[in-house]
Amino acid sequence: QVQLVESGGGLVQAGGSLRLSCAASGRTFSSYPTGWFRQAPGKEREWVATITISGGATYYVDSVKGRFTISRDNAKNMVYLQMNSLKPEDTAVYYCNAVQWVAAAWGPVGGYWGQGTQVTVSS
């Protein structure tokens with residue numbers, strides 16, 4: 001059983017920064033890459049970023065490249081998402097999850113999701 005607890009969200013003005021944290025436990029976390037997803041009101045959840053188990057490779061959706069940085073601390077079972085130059089369109093609930101590459105896309109492993117953390121960017 002995997003447990004995921006996201007934190008660090010909040011309200012920020014456009015151009016500002018936030019750092020999200022994901023505390024994960026369970027065998028799945030150490031067996032798969034980890035990713036961040038987000039879901040804006042009225043939209044489907046979308047993949048945002050992935051970091052491999054070792055942290056040696058990272059991947060981003062085009063809309064956040066150059067602005068967001070994913071990192072991990074395996075000793076602490078933590079994954080982070082540093083978000084800079086935030087835009088109103090980044091407003092969403094952000095989730096972390098173990099991920100796998102399936103059908104040419106990063107998708108969650110299993111159907112479990114944490115509570116997420118709300119990020120609101122004002123213009």
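Predicted model, so just to flag it, every value in this text is computed and none were measured.
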Undergrad: For the CG atom of Leu81 and the CZ atom of Phe37, what is their distance to the nearest 0.5 Å?
TA: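 Between Leu81 CG and Phe37 CZ, I get 12.0 Å after rounding to 0.5 Å.
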
Undergrad: State whether the side chain of Glu6 and the backbone N or O of Cys96 hold a donor-acceptor pair below 3.5 Å, judged by distance alone.
TA: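 Such a contact is found between Glu6 side chain and Cys96 backbone.
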
Undergrad: List the atom of Val109, the atom of Asn97, and the distance in Å for their closest heavy-atom pair.
TA: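 Minimum heavy-atom separation between Val109 and Asn97: O-OD1, 4.0 Å.
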
Undergrad: Could you check if a side-chain atom of Val99 sits within less than 4.5 angstrom of a side-chain atom of Tyr32, using non-hydrogen atoms only?
TA: no

Undergrad: Tell me, with the steps shown, if Tyr80 and Gln82 meet side chain to side chain contact (heavy atoms under 4.5 Å, CB included).
TA: CA-CA 6 Å; Tyr80 307 98; Gln82 177 66 44; over 6 Å; no

Undergrad: If you round to the nearest 0.5 Å, how far is OH of Tyr95 from CH2 of Trp36?
TA: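 Taking CH2 in Trp36 and OH in Tyr95, the distance rounds to 11.5 Å.
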
Undergrad: Tell me whether Ile70 is reachable from Trp47 by hopping between hydrophobic residues (I, L, V, M, F, W, Y) whose side-chain heavy atoms are closer than 4.5 Å.
TA: yes

Undergrad: As a quick check of understanding, evaluate salt bridge (Lys or Arg N to Asp or Glu O under 4.0 Å) for Asp62 and Lys65, giving each step before the final call.
TA: CA-CA 5 Å; Asp62 286 347; Lys65 283 181 181 177; 3.0 Å; yes

Undergrad: If you compare all heavy atoms of Val121 against all heavy atoms of Thr91, which two are closest, and at what distance to 0.1 Å?
TA: N-OG1, 2.9 Å

Undergrad: Taking everything shown except Glu46 itself, do over 12 heavy atoms lie less than 6.0 Å from its CD?
TA: yes

Undergrad: Roughly how far, to the nearest 0.5 Å, is CZ of Arg38 from CD of Glu89?
TA: 8.0 Å

Undergrad: For the backbone of Ser85 and the side chain of Arg67, can you confirm whether one donor and one acceptor N or O come within less than 3.5 Å of each other?
TA: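 Yes, Arg67 side chain to Ser85 backbone: donor-acceptor pair under 3.5 Å.
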
Undergrad: Rounded to the nearest 0.5 Å, what separates atom CZ in Phe68 from atom CG in Leu86?
TA: 5.0 Å

Undergrad: Would you give the length of the straight line joining atom CG of Leu20 to atom CD of Gln118, rounded to the nearest 0.5 angstrom?
TA: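 So the CG of Leu20 and the CD of Gln118 are separated by 11.0 Å.
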
Undergrad: Cut-off 3.5 Å, no hydrogens considered: what does the side-chain donor-acceptor table look like for residues 51-59, sequence neighbours left out?
TA:
{"from": "Thr52", "atom 1": "OG1", "to": "Gly56", "atom 2": "N", "distance (Å)": "3.3"}
{"from": "Thr52", "atom 1": "OG1", "to": "Ala57", "atom 2": "N", "distance (Å)": "3.1"}
{"from": "Thr52", "atom 1": "OG1", "to": "Ala57", "atom 2": "O", "distance (Å)": "3.4"}
{"from": "Ser54", "atom 1": "OG", "to": "Gly56", "atom 2": "N", "distance (Å)": "3.1"}

Undergrad: Determine, using the 4.5 Å side-chain heavy-atom cutoff (strictly less than), whether Tyr60 and Trp106 are members of one ILVMFWY cluster.
TA: yes

Undergrad: Under a 4.5 Å side-chain heavy-atom rule over Ile, Leu, Val, Met, Phe, Trp and Tyr, are Val5 and Val119 clustered together?
TA: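 They do not share one cluster, since no chain of ILVMFWY contacts under 4.5 Å joins Val5 to Val119.
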
Undergrad: Rounded to the nearest 0.5 Å, what separation is found between the CZ atom of Arg72 and the SG atom of Cys22?
TA: 9.0 Å

Undergrad: Would you verify whether the NZ or CZ of Arg45 falls within 45 degrees of the ring axis of Trp113 while also being under 6.0 Å from that six-membered ring's centre?
TA: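 Judged by the rule (NZ or CZ under 6.0 Å from the ring centre, within 45° of its axis), Arg45 counts as positioned above Trp113.
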
Undergrad: Can I get a per-line list of side-chain donor-acceptor pairs under 3.5 Å for residues 7-19, giving both atom names and the distance, sequence neighbours left out?
TA:
{"from": "Ser17", "atom 1": "OG", "to": "Asn84", "atom 2": "OD1", "distance (Å)": "2.9"}

Undergrad: Where do Asp90 and Met83 land on the side chain to side chain contact (heavy atoms under 4.5 Å, CB included) test, with the steps shown first?
TA: CA-CA 9 Å; Asp90 295 318; Met83 305 187 297; 6.0 Å; no

Undergrad: Report whether Val61 and Val93 are members of the same hydrophobic cluster (ILVMFWY, side-chain heavy atoms less than 4.5 Å apart, transitive linking).
TA: yes

